[in-house]
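As the structure lists them, so they are numbered: ligands from 1, and atoms in each ligand from 1.
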Amino acid sequence: MSKTDRAGRKKRVFSGMQPSGEAHLGNYLGALRPWVELQSEYDCVFCIVDDHAITAGGDPAEMPANVMDLAVSFLAVGLDPEKAIIFVQSDVHEHTELAWLFNAVTPVGDLERMTQYKDKSQHFESIPAGILNYPILQAADILLYKGEAVPVGEDQRQHLELTRDIARKFNATYGDTFPETEALIDKGVGRILGLDGNAKMSKSLGNTVGILAEPDAVWDRVRTAVTDPQRIRRDDPGRPEICNVFTLHGHFTDDATRADIEAKCRAAEIGCVDCKRILSDNIADAFAPFRDRAAHFRAHPEDVRKVLDDGAERARGIARETMTEVRRKMGLDWRSAII
Ligand code: TRP
């Protein structure tokens, strides 16, 4: 996909992340690191999606700090308010308004088919409608800014397909308004397993490490990482190709060292503990500048506030324009009856 349109204007990228506090290794590799790259090449809008987070049923008392901690993580990794719009979803009320309007063009059957819905709804005796309608709000997030591309992991691909369906149906019903958003899937990352060898890194599973963790804390987590299960004793040869620790080296360790580790693992010349030690040191080094920047923002929360206030203001400017157009196209402009 080209990065600009025919007029040479940068394409709009939108992405969002739920606020569950400080970002972790999986958020970083799967989203934040690619976002930092994208912000120079595209017209980017990055959102902390607290309106989505309420469907997870967390403690409201923890939400404000979780939003702040994620904002600090955004800024710590190098998301830059000079390059991208960075804001909190609930500051821009047009998200929830557009989500309601999209109810008119979204078949319930499509929502019920979403695998994430099927997974999440199993945990409830009485399923909150928000779990079902979650992807409508996600479509509203993206289309409110007429987002042309969205960097997403494999697990969000289906939600993006639904976003395209909603745009198509809206355009067919009310007139051409929204782009058909493309997925930007980062092939370099692939699937990142949790340190426990489990499907996905997540804070709640405790199988990851915070991006602002001190070196000791990084080691505490990396030390526990699952390696090749067939390598039981140190002199058993290892299989790097199936080892999650080796995969993670791919993101943090230079090629020469990695080739050395690979050979020595196969020959049982390096043990898993030493291999993890190298990984842990490299992760801690990669995160060092993040810790420094985070320390600044923690000491100056008013700077974070300013970034988010300014971001919301800029986001609102775009959102208001889209909503004026959408309301008019849907007939929600009764004043037009007065001539
Ligand atoms: N559902 C996404 C997730 O859980 C978060 C999200 C909300 C999002 N709105 C979005 C991602 C819009 C991309 C675009 O990861």
Side-chain angles (χ1 to χ4, degrees), residues 11-21 23-35 38-39 42-58 63 66-67 70-71 73-74 79 84-92 94-99 102 106 111 114-121 130-167 178-186 189 191-192 199-205 208 311 315 318-319 322:
K11 284 191 179 169
R12 165 95 19 95
V13 159
F14 183 96
S15 204
M17 190 178 286
Q18 288 205 30
S20 45
H24 58 71
L25 182 58
N27 299 140
Y28 174 65
L29 292 177
L32 297 177
R33 191 166 66 174
W35 293 5
L38 292 170
Q39 67 181 347
Y42 294 90
D43 175 10
C44 289
V45 182
F46 296 125
C47 183
I48 297 177
V49 293
D50 55 348
D51 286 325
H52 275 102
I54 60 164
T55 63
M63 186 82 90
N66 281 342
V67 170
L70 187 59
S73 295
F74 276 20
L79 290 183
I85 297 178
I86 300 168
F87 75 107
V88 179
Q89 189 181 30
S90 64
D91 276 342
V92 182
E94 284 80 358
H95 288 250
T96 46
E97 183 184 359
L98 186 58
F102 280 168
T106 313
L111 297 170
M114 296 290 117
T115 44
Q116 200 168 79
Y117 168 70
K118 288 191 215 163
D119 291 347
K120 286 193 179 165
S121 58
I131 304 254
L132 180 67
N133 291 329
Y134 182 106
I136 302 187
L137 181 58
Q138 185 162 347
D141 293 342
I142 298 164
L143 296 176
L144 190 52
Y145 303 94
K146 302 195 176 184
E148 293 160 290
V150 174
V152 282
E154 212 41 69
D155 66 323
Q156 293 296 315
R157 197 194 270 279
Q158 214 184 15
H159 287 170
L160 205 68
E161 268 307 313
L162 186 69
T163 301
R164 293 161 63 90
D165 291 342
I166 289 174
F178 296 114
E180 283 185 33
T181 313
E182 294 177 54
L184 284 178
I185 306 242
D186 186 344
V189 179
R191 224 159 85 103
I192 296 142
K200 194 179 171 179
M201 278 194 183
S202 89
K203 201 164 172 172
S204 55
L205 293 174
T208 185
I318 304 168
T322 305

State, yes or no, whether a side-chain contact exists between I142 and L160 at a heavy-atom distance under 4.5 Å.
-> yes
Do L184 and L38 touch side chain to side chain, with heavy atoms closer than 4.5 Å?
-> yes
Contacts for ligand 1, heavy atom under 4.0 Å, by chain and number, are F14, S15, G16, V49, H52, Y134, Q138, D141, I142, V150, Q156
Residue of the set Q138, H95, Q89 for which side chain to side chain donor-acceptor pair (under 3.5 Å) holds with H52 | Q89
Going by heavy atoms in the side chains, are L143 and T163 under 4.5 Å from each other?
-> yes
So do V45 and F87 actually touch side chain to side chain, heavy atoms under 4.5 Å?
-> yes
Can T115 and Q158 be said to form a side-chain hydrogen bond (donor to acceptor under 3.5 Å, both in side chains), step by step?
-> CA-CA 8 Å; T115 44; Q158 214 184 15; 3.0 Å; yes
